[in-house]
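Notes follow once the structure below has been shown.
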Amino acid sequence: MASSKILLKAAESFEFNVGTLVFLSNSTNEVYRFTKNNQSYILRLSQKSHEYVPKIRAEVDWVCYLVKNGVRASLPIQTCNNELTAIFCDEDKWYIATAFHEAAGRFFDKHNEQLWGPKIFRNWGETMGRMHRLSKSYETSDNLVKRDSWSRRSINNPHLQRGRFNILLEKLISMERTIDSLPRGCDSFGLIHNDFHPYNFFIDNSEITVFDFDDSIYGWFSLDIAIAATHAVWWGVHAEDCVTKSRFAQLFLREFLMGYENEHHLTEYWKQTIPMFMEYRNICSFFWWLGEWNGHESGLTEDQQNAINHAVMLIERGLPFDGCDIQM
C-alpha cells in the first residue's frame, strides 16, 4: 500500500484535500475516491517503474480522444502542472498517479432488470463498437509512445510446466500459435480496451460509462468482444449448468452484436473467431490466478482446484474450454 507521504503528494499534485480520500480497491493498482469542489473523482496509483510512464500517458491520451469523440468514459483530469500523470518515489518504490472523473451510476446486478439484460447488452456493444470505429482513426501524438500489441505469454513458473498444469500450458501455447497467425488488418485489429468486463463500467439509466483502460493494447476487435462475453457468462448467469450458460452466451452475443453493428461492422469471418477467443480468455484466467503460485496444492482454493480439474478434463476430451458449444 502507498504510504501517507505518497498520498499527500498525490493530493498536492491534483489539488485536493487528502482527508477526502477513501480507499476503494487494490488489485493491479491502488484505487481511491476523493472529493474536489464538491465533485467525486478517482485516484489511481500504479506501482510501476519510471520507464512505464510513457505507456500510461498513451493510455490517458487514448481515453481523452474517445471522450472527445462521443464515448462515455471516465475523463482524466490534469495535475497542477497541466499534466495527466504524476510520478512519485518513496523508498525505491515508484508510483504513477492518474486521476479521473468518477463515472455516474453503479455496477451491474444480474438480479435487477434495470442493470442487466438485453438493453444493457446492446448499449455495451454499441459503446465497444464506437471505440473500435474510433480506433481506426486514432493517431498517437508525436511525443507519445504506442501501447503494446498483443503477444504470446511467457509462462516461467516451473510449477505450471508439469502434470495437469502442463496440459493447460500446452493448450495455451497451441491457441496462441493459432491466434498469432491471424490477419491484422485495420478493419479487424486496432487499439482495444482488452478488459471491458462488467466491473469496468457503470450503468446509469441504461447508459454505459467505461473506465480502467490500463490493460489496453493493439489487438483484434473480436478478442475485445470475446472478453466482454466471457465475463458476462462468468458473472451474469443465474445457473451454472452448461445448457444455461450456452443459452445465455447466445442471447448475450446476439444483443451485444446488434448494438455493436450500429457503430462498427465486423465481418462473418471475425464473428466466427469470438468463441475461440472466449476459450482463450478462459484459459488465460488460470495463468493469471496461478502467476505467483508456489506449487503447493494447499495454496489453491477448492473452487480453483475444481475449475482446474474441470478444464483439464475438457481439454483431454477435446471439448471447448468453457464446456459450452457456442455457435456464431
Side-chain angles (χ1 to χ4, degrees), residues 54-76 84 121-153 175-197 200-201 208-232 252-281 284 326 328:
K55 297 293 185 183
I56 293 185
R57 287 178 176 158
E59 171 204 341
V60 292
D61 185 77
W62 163 236
V63 176
C64 288
Y65 179 81
L66 293 176
V67 173
K68 180 181 177 181
N69 287 277
V71 173
R72 293 171 62 99
S74 293
L75 184 67
L84 290 172
F121 305 156
R122 287 193 298 272
N123 288 346
W124 188 356
E126 189 165 333
T127 300
M128 185 181 286
R130 185 173 300 150
M131 290 164 57
H132 291 174
R133 174 172 57 79
L134 291 169
S135 174
K136 292 154 67 172
S137 59
Y138 173 69
E139 295 182 3
T140 56
S141 303
D142 292 338
N143 62 337
L144 290 177
V145 302
K146 293 180 69 174
R147 295 289 294 181
D148 292 335
S149 288
W150 180 91
S151 61
R152 303 189 195 194
R153 290 168 174 253
M175 294 196 76
E176 289 189 328
R177 189 180 301 117
T178 299
I179 291 168
D180 209 6
S181 68
L182 292 172
R184 304 191 186 201
C186 62
D187 286 335
S188 60
F189 189 93
L191 192 50
I192 62 174
H193 187 285
N194 196 41
D195 202 27
F196 196 170
H197 61 62
N200 276 340
F201 63 81
I208 301 292
T209 301
V210 56
F211 40 81
D212 283 1
F213 283 77
D214 52 319
D215 284 332
S216 57
I217 60 169
Y218 286 86
W220 292 271
F221 298 144
S222 54
L223 168 61
D224 220 13
I225 295 169
I227 290 170
T230 301
H231 287 272
F252 174 83
L253 284 167
R254 182 176 68 247
E255 298 294 338
F256 187 96
L257 290 172
M258 189 183 303
Y260 184 93
E261 291 282 340
N262 289 335
E263 292 284 344
H264 184 254
H265 177 66
L266 199 67
T267 66
E268 191 61 30
Y269 171 86
W270 288 108
K271 289 178 183 177
Q272 294 297 327
T273 67
I274 293 172
M276 176 195 68
F277 277 127
M278 290 178 68
E279 187 175 6
Y280 174 65
R281 181 67 170 191
C284 284
I326 300 172
M328 292 301 299

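Rounded to the nearest 0.5 angstrom, T209 OG1 and L75 CG are separated by 11.5 Å. Once rounded to the nearest 0.5 Å, the distance linking CZ of F213 with CE of M131 reads 4.0 Å. In this structure, R57 CZ and L144 CG are separated by 8.5 Å, a value rounded to the nearest 0.5 Å. Between the OG1 atom in T140 and the CZ atom in R147 there is a gap of 12.0 Å [rounded to 0.5 Å]. The line from CG of D224 to CZ of F189 is 11.5 Å long, rounded to the nearest 0.5 Å. Atoms OH and OG, from Y269 and S188 in turn, are 8.5 Å apart once rounded to the nearest 0.5 Å.
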**Request:** Check the pair N194, S216 against side chain to side chain contact (heavy atoms under 4.5 Å, CB included), reporting the backbone distance first and the verdict last.
**Result:** CA-CA 5 Å; N194 196 41; S216 57; 5.5 Å; no
For M128 and H193: C-alpha separation, side-chain torsions, deciding distance, then whether side chain to side chain contact (heavy atoms under 4.5 Å, CB included) applies. CA-CA 9 Å; M128 185 181 286; H193 187 285; 6.0 Å; no
Next item on the list: In sequence, state the C-alpha distance, the side-chain angles, and the governing distance for W220 and I179, and then conclude on side chain to side chain contact (heavy atoms under 4.5 Å, CB included).
Entry: CA-CA 10 Å; W220 292 271; I179 291 168; 3.5 Å; yes
message: I'd like to know whether L84 forms a side chain to side chain contact (heavy atoms under 4.5 Å, CB included) with D61, so could you lay out the CA-CA distance, the side-chain angles of the two residues, the decisive distance to 0.1 Å, and finally the verdict.
response: CA-CA 9 Å; L84 290 172; D61 185 77; 5.9 Å; no
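Side-chain atoms of R184 and W150, non-hydrogen and from C-beta on, do get closer than 4.5 Å to each other. Inter-residue side-chain proximity for I227 and I192 is flagged as unmet; no heavy-atom pair is nearer than 4.5 Å. Counting only heavy atoms from C-beta outward, the side chains of Y65 and S135 never approach each other to under 4.5 Å. Looking at heavy atoms from C-beta onward, F211 lies in side-chain contact with N200 at the 4.5 angstrom threshold. When side chains are defined from C-beta on, T127 does not count as touching R72, because their heavy atoms never get closer than 4.5 Å.
No donor-acceptor pair under 3.5 Å is formed between the side chain of N123 and the backbone N or O of I208. Between the side chain of N69 and the backbone N or O of L134, no donor-acceptor pair lies under 3.5 Å. Not one N or O on the side chain of E263 forms a donor-acceptor pair closer than 3.5 Å with the backbone of R133. Counting only distance, with no hydrogens or angles, the side chain of K55 and the backbone of K146 share a donor-acceptor pair below 3.5 Å.
Using cut-offs of 30° and 60° on the angle between ring planes, the pair F256 and Y260 is parallel. Using bins of under 30°, 30° to 60° and over 60° for the plane-to-plane angle, the ring pair F201/F196 lands in the perpendicular bin. Taking the six-membered ring where tryptophan is involved, the planes of F121 and W124 are tilted, since the angle between them lies from 30° to 60°.
Closest heavy-atom contact between V63 and S74: CG1-O, 3.5 Å. Minimum heavy-atom separation, A226 to I274: CB-O, 3.6 Å. Considering every non-hydrogen atom in both G129 and H264, the closest pair reads O-CB, 3.4 Å. Summarising the geometry of F221 relative to C186, their closest heavy-atom pair is CE1-O, 3.8 Å, with the distance given to 0.1 Å. Heavy-atom minimum distance, M276 versus M175: O-CE, 3.3 Å.
Of the residues listed (L253, T273, L223), the one engaging M278 in a side chain to side chain contact (heavy atoms under 4.5 Å, CB included) is L253, and it is the only one.
With respect to the salt-bridge test (charged N to carboxylate O, under 4.0 angstrom), the residues E126 and R130 qualify.
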